[in-house]
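Everything below concerns the one structure shown next.
Convention: sequence-line order gives letters A, B, ...; per-chain numbering from 1.
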Amino acid sequence: MTGTRWVVRLAWFPALGPGLLSVLFGLAVLADLPAPEWVALASLALIWAVIAKRGGLGPEVIPTTDTSRASTVATAVMAVAVASAIGLFVRDSILRPEGEWDAMGIWNYHARLLAALGHDAQEVIGADTSGGPDYPFGHGAAVAAIWRLTSSTAPFVSQAVAFVYLVGLLATTWCVVATHGSRTAAAFATAAVAATPAVSVLSAHQYADVPVAWGVLAAAWGLSARAPLAGLALGLLCWSKNDGAVLALLVVAVHGWSGLRALRRPALVCGLLAPLVAFVWHKMSWAPASDLVVGSGGITDRLLSGDRWGPVLAGFLGELHPITIPRRFGVTWMLVGACAVFAFNTRRARGVPMPGVRALGLIGAAGVGLWVVTVVAVHRPATWQWDTAGWRLMTQVLPVCVAWAACRCDGGHPRDGITST
Amino acid sequence: MTRWPAVIRGFWIAACAVGIALTWTPPAPRMEDQPWINSSLEVLRPHVRDATRVVLVTDHKRTETHLFMKYALLPKPVVTVDDFEEAARLVLDGACIVARFENPSVGRRTLDDALGRARAAGVVVETLEVGPWLVLRAKGP
């Protein structure tokens with residue numbers, strides 16, 4: 001056991017805490033069971049007991065050694081960046097305890113209805129077309145479960161759930177990079193994600209994009225490291241948001257045969273099963289069809305229209321500019337680009353990237369491309385769609401891109417970085 | 001042993017510094033703020049407690065108004081309309097109207113006109129001014 005074990009615990013806690021609670025509560029609500037919050041809590045306790053008995057958090061992360069000075073500097077930068085992200089989260093949570101627009105209009109709105117009405121919430125949620133009636137319950141169901149258990153609707157609960165995902169995302173970033181490289185790389189990657197304004201801002205807004213970003217990274221890490229909780233992360237990715245389901249398919253596709261083979265392991269299947277059943281059940285029996293699917297006619301025309309590509313690409317390039325919209329990405333995307341150039345120029349000296357690192361790069365690149373094309377293809381006005389959703393979609397795949405960039409900046413020899421415990 | 005070239009290391013540090021600096025730039029000022037929701041919630045809740053349905057009527061351009069009210073009045077089903085004729089019809093069906101206008105004189109007159117037919121038919125529509133809000137309920141013929 002090394003000193004990194006607690007970081008692994010933090011990385012997986014979103015899955016084993018609010019993630020699993022959300023799925024179990026969601027299943028109990030979908031099944032219209034009495035006292036769904038207690039059903040969820042009892043099931044969660046049982047699952048925790050099984051996981052604890054089997055020691056199932058997966059492989060330990062042991063980063064490679066590196067020069068102590070570089071590592072010290074990177075760790076100091078990480079400490080400042082993480083403190084800044086947490087500070088901003090606290091400040092914005094005090095200013096806006098209920099979260100921002102989508103939190104009040106969708107996630108916490110659903111949580112309030114689920115907490116107050118249980119299965120009867122279906123009628124109210126389904127009737128409100130502006131409230132994302134087709135969205136899976138996501139972390140809102142975890143909030144609803146805790147509100148029911150505590151007989152309150154205190155905003156502290158939704159803030160705490162959002163905070164768990166923020167910390168989980170930062171810890172997962174550290175673990176992913178440390179799995180494939182050095183402490184320096186892991187610290188710099190964590191610092192860059194924590195210092196990206198969009199990450200802490202969206203987290204404080206209590207939006208679902210940070211949970212999706214955590215899910216993408218955790219699933220990619222878990223599949224390449226054969227962690228038993230990879231299946232759960234993949235399933236929670238679907239359960240978090242409709243966008244997450246698309247990214248889950250992308251993660252599996254990128255891991256290809258090795259990922260599918262990994263999913264045959266019983267622990268991975270068990271983890272995947274519950275959120276996937278909840279997701280499919282919700283789609284089949286609860287949610288109306290998404291308006292993006294219903295209005296999907298004319299996709300080819302839109303994809304061939306310069307009038308749509310123009311504003312979307314302008315919006316995309318605008319996100320790369322650090323000053324235009326201050327509280328978004330800073331220069332993080334420029335950093336990723338610079339690292340890509342650096343990796344390309346030094347590829348001979350640094351060798352071929354490991355499959356796990358290559359997968360991070362593929363998921364990041366394909367994710368960014370996929371969201372740009374999606375915004376062009378949907379039937380809503382292109383500029384409006386990019387302004388309201390584009391940057392949040394980019395945030396979902398930013399951490400995986402940063403992790404890849406840090407791994408590629410890391411010199412030395414390719415290695416596994418994983419030992420069994 | 002891994003090595004990080006000084007240039008690359010410097011770029012990562014600079015990127016983090018820029019990010020932190022931008023993170024702490026103040027967010028854009030907003031007209032609607034959350035204490036406003038809470039005060040609305042406090043004053044309006046007693047008036048809509050017995051209503052089976054709440055209709056929010058507003059000429060407010062900012063859709064935050066709609067959203068905040070929907071959230072604040074939960075779990076009452078809240079319908080938002082900007083068609084005053086439709087609002088008048090709904091009030092006859094027993095809904096409680098909660099109205100807020102950017103331009104109160106015009107908004108209130110238009111709503112009164114729309115409710116004129118109901119009043120002409122003998123329906124008593126109770127109107128209460130609650131802070132910046134108007135609460136309207138049919139008392140029956």
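- For A:Ser84, the side-chain hydrogen bond (donor to acceptor under 3.5 Å, both in side chains) test picks out B:Trp24, with sequence neighbours left out.
- Taking every heavy atom of both residues into account, B:Thr23 and A:Leu88 meet most closely at O-CD1, 3.3 Å.
- Using a 4.5 Å cut-off between heavy atoms, A:Val199 makes no contact with chain B at all.
- Of the listed residues (A:Val193, A:Val201, A:Val331), the one with the most heavy-atom contacts under 4.5 Å to chain B is A:Val331.
- The contact between A:Ala405 and chain B is made by backbone and side chain atoms together, counting heavy-atom distances below 4.5 Å.
- For a residue to count as touching a neighbouring chain, one of its non-hydrogen atoms must lie under 4.5 Å from one of that chain's; by this rule A:Val402 touches chain B with backbone and side chain alike.
- Heavy atoms only, all atoms of each residue included: A:Cys409 and B:Trp12 are closest at SG-NE1, 3.7 Å.
- Atoms CG and CD1, on A:Leu335 and B:Ile8 in that order, are 8.0 Å from each other to the nearest 0.5 Å.
- At a 4.5 Å heavy-atom cutoff, the contact between A:Ala406 and chain B is made by backbone and side-chain atoms alike.
- The two residues A:Pro197 and B:Leu22 make their nearest non-hydrogen contact at CG-CB, 4.0 Å.
- With sequence neighbours excluded, the residues satisfying side chain to side chain contact (heavy atoms under 4.5 Å, CB included) with A:Ala195 are A:Ala81, B:Cys16, B:Ile20.
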